[in-house]
2 protein chains.
Amino acid sequence: MDADVAAVAGLFADRTRASVIAALLDGRALTAGELARACDVTAATISAHLRRLLEADLVAVEAQGRHRYYRLADERAGRAFEALAVLAPVRPVRSLRQSRVAASLRAARTCYDHLAGHAGVRLAEAFVSRGILGPDGFPLLDPDTLTSFGVDVGAAGRSRRSFAHPCLDWSERRHHLAGALGAAVLTRLVELEWLIRDRSSRAVRVTDAGREGLRTRFGCELG
Amino acid sequence: MDADVAAVAGLFADRTRASVIAALLDGRALTAGELARACDVTAATISAHLRRLLEADLVAVEAQGRHRYYRLADERAGRAFEALAVLAPVRPVRSLRQSRVAASLRAARTCYDHLAGHAGVRLAEAFVSRGILGPDGFPLLDPDTLTSFGVDVGAAGRSRRSFAHPCLDWSERRHHLAGALGAAVLTRLVELEWLIRDRSSRAVRVTDAGREGLRTRFGCELG
DNA sequence: ACGATATTTGCGCTACGGTCGAAATATGGA
DNA sequence: TCCATATTTCGACCGTAGCGCAAATATCGT
């Protein structure tokens with residue numbers, strides 16, 4: 001019994017692995033590369049750590065394209081982390097910057113080259129409500145509305161990549177719009193300055209004009 | 001934050017230290033030597049581990065004579081241990097033998113050379129109830145009853161060691177009788193075969209005759 | 001098919017920590 | 001005072017594990 005506990009504790013007993021678990025605590029899934037940057041180690045190092053966490057079923061992985069999204073497998077790892085944290089001598093105030101970044105990522109972010117997060121999910125749902133996209137597999141039903149909005153639908157259609165498909169959003173647990181069409185929509189939204197991409201992260205800020213425009217043009221309320 | 005968690009987790013991430021915590025989980029306090037035997041390492045090794053656990057405030061120590069009793073400082077360490085244990089892959093059945101030994105130690109055991117555990121505490125309380133011992137500091141008020149019972153009170157009085165004093169009982173959180181008088185009482189109880197000492201541990205078994213005798217002679221109910 | 005990006009694997013280097021034996025320290029009891 | 005027992009400290013050995021570099025593998029998008 002004690003041997004097993006020691007082995008499990010060893011998974012938490014490394015600064016890098018503890019950072020990985022801390023980064024995943026809120027239930028989001030992050031790519032290996034994002035975790036490497038968050039923990040300030042190379043991709044090789046983070047890969048080795050993720051492998052160990054994976055083998056112990058502390059985390060789960062889901063491949064999505066060339067990314068591999070890692071998340072905590074269940075609530076047990078988080079509970080153990082918290083039980084250990086209460087034993088930590090000094091209680092450093094939870095990094096405000098860190099949590100601010102996490103919050104902004106949840107609000108809106110890029111996923112590859114399309115919009116994700118709360119805004120991405122809401123926009124996709126608005127497209128479905130307006131009949132622009134079909135509810136199942138996000139087929140484009142009404143190209144004219146997007147074209148008149150300035151989205152280069154034709155170019156997106158000529159691209160060899162997937163035209164439009166749903167992509168599971170990890171912070172919202174719902175789908176947002178991916179594929180060439182999703183990329184074209186994001187491009188247009190940035191062009192209009194309805195969205196502004198953060199330089200150092202995947203976060204995207206919705207401007208006042210963007211919030212207003214999304215509501216009036218697509219009936220999309222960002223809450 | 002993650003660095004601190006890693007450091008704390010490191011305390012659990014060693015087989016020996018995990019065994020120490022597991023041995024203390026039920027709230028009992030054990031001596032350094034007992035822990036060394038339980039973990040199958042030398043006294044030097046256990047001492048180093050206890051030092052680390054002590055500096056992290058995971059355990060607390062109380063010196064009692066030449067023994068040093070270690071116990072978990074509070075419930076946090078136990079909670080963390082359990083949170084880690086639920087992550088351990090296989091769940092080895094809790095050793096029956098181990099828990100049987102623990103139960104018998106709680107029932108009755110020797111502490112140095114006197115009786116401790118449930119039986120020790122109950123007997124001391126019975127002595128106080130009967131006016132044999134005073135309630136404060138356990139002074140011997142009625143030597144005759146013990147002498148007629150066969151306890152060599154005279155020899156105990158001539159010993160240079162402390163004659164009679166209360167000793168905090170870790171499993172009962174009450175006091176039992178220590179000192180030369182306590183040793184003399186234990187000697188007599190074993191002599192009468194009211195108690196039988198285990199060969200390999202500090203456990204003491206109360207015989208049927210002992211249970212009966214303690215009740216009729218001293219009004220001591222062992223529950 | 002090709003280049004770019006993401007991730008994993010193999011390898012060697014280094015450092016940290018767990019272990020024990022021996023010696024030092026503390027306490028109890030004769 | 002002296003010996004026995006309990007515990008800690010010191011010093012050295014050794015295995016393990018984390019690290020980055022470089023190369024291999026996988027997938028995307030043109």
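Every chain is numbered from 1, with letters handed out A, B, ... down the list of sequences. FYI, side chains are in, hydrogens and waters are out, and symmetry mates aren't considered; it's all heavy atoms of this structure. Treat the numbers as computed from the prediction; the structure is a model and nothing was measured.
Residue Arg158(B) is classed as having no contact, given no heavy-atom separation below 4.0 Å to the nucleic acid. Residue Ala43(B) is classed as a base contact, given a heavy-atom separation below 4.0 Å to a base.
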Sort me out a list of protein N/O and nucleotides 19-23 of chain C N/O pairs below 3.5 Å, or just none if empty.
residue: dT19(C); atom: OP1; partner: Thr16(B); partner atom: OG1; Å: 3.0
residue: dT19(C); atom: OP2; partner: His49(B); partner atom: NE2; Å: 2.4
residue: dC20(C); atom: OP2; partner: Thr42(B); partner atom: N; Å: 3.4
residue: dC20(C); atom: OP2; partner: Thr42(B); partner atom: OG1; Å: 3.3
residue: dC20(C); atom: OP2; partner: Thr45(B); partner atom: OG1; Å: 2.6

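Between Leu181(B) atom CG and dG29(C) atom P the separation is 14 Å, expressed in whole Å. Atom CG of Leu50(A) is separated from atom P of dT8(C) by 6 Å (rounded to the nearest Å). One interatomic measurement links the two molecules: CZ of Arg68(A) to C1' of dT5(C), which rounds to 16 Å at whole-angstrom precision. Spacing between atom CD of Glu34(B) and atom C1' of dT7(D) amounts to 13 Å, rounded to whole angstrom units. Between Ile46(A) atom CD1 and dC21(D) atom P there is a gap of 15 Å when expressed in whole angstrom units. Taking atom CG on Leu35(A) and atom C1' on dT7(C), their separation rounds to 12 Å, with Å as the unit. For the pair Leu54(A) CG and dT9(C) P, the interatomic distance rounds to 10 Å; values are reported in whole Å. As rounded to whole Å, 14 Å separates atom P of dG29(D) from atom CZ of Phe163(A).
The backbone N or O of Gly10(A) sits less than 3.5 Å from a side-chain atom of Arg17(A), completing a donor-acceptor pair. For Arg205(A) (side chain) and Leu195(A) (main-chain N/O), no donor-acceptor pair under 3.5 Å exists by modelled atom type.
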For Thr42(A) and Thr45(A), what are the C-alpha separation, side-chain angles and deciding distance, and is it a side chain to side chain donor-acceptor pair (under 3.5 Å)? CA-CA 5 Å; Thr42(A) 65; Thr45(A) 298; 3.1 Å; yes
For the pair Asp142(A) and Thr145(A), evaluate side chain to side chain donor-acceptor pair (under 3.5 Å) and give the outcome as yes or no after the intermediate values. CA-CA 6 Å; Asp142(A) 173 16; Thr145(A) 300; 2.5 Å; yes
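Each of Arg17(A) and Ser162(A) lies near DNA chain D, and the nucleotide nearest Arg17(A) is the one positioned closer to the 5' end.
At its two ends the helix from dA1(C)-dT30(D) to dA30(C)-dT1(D) runs along axes set 30° apart, each axis drawn from five pairs and the angle rounded to 10°.
Among residues two or more places apart in sequence or in another chain, the salt bridge (Lys or Arg N to Asp or Glu O under 4.0 Å) test is passed with Arg37(B) by none.
Distance check, rounded to the nearest 0.5 Å: CG of Leu84(A) to CD1 of Ile21(A) gives 9.0 Å. The CG atom of Leu189(B) lies 6.5 Å from the CG atom of Leu123(B); values are rounded to the nearest 0.5 Å. Rounding to the nearest 0.5 Å gives a distance of 14.0 Å between NE2 of His118(A) and NE2 of His176(A).
Results of the side-chain contact (heavy atoms from CB on, under 4.5 Å) test with Leu24(A) over Leu35(A), Leu58(A), Leu53(A) single out Leu35(A) as the only residue that passes.
Checking dT8(C), dG17(C), dT7(D) against the side-chain heavy atoms of Arg52(B) singles out dG17(C) as nearest. Considering only the side chain of His67(B), dA6(D) comes nearest among dA6(D), dT9(D), dT8(C).
The side chain of Tyr70(A) places an N or O atom within less than 4.0 Å of a non-bridging phosphate oxygen (OP1 or OP2) of dT8(C).
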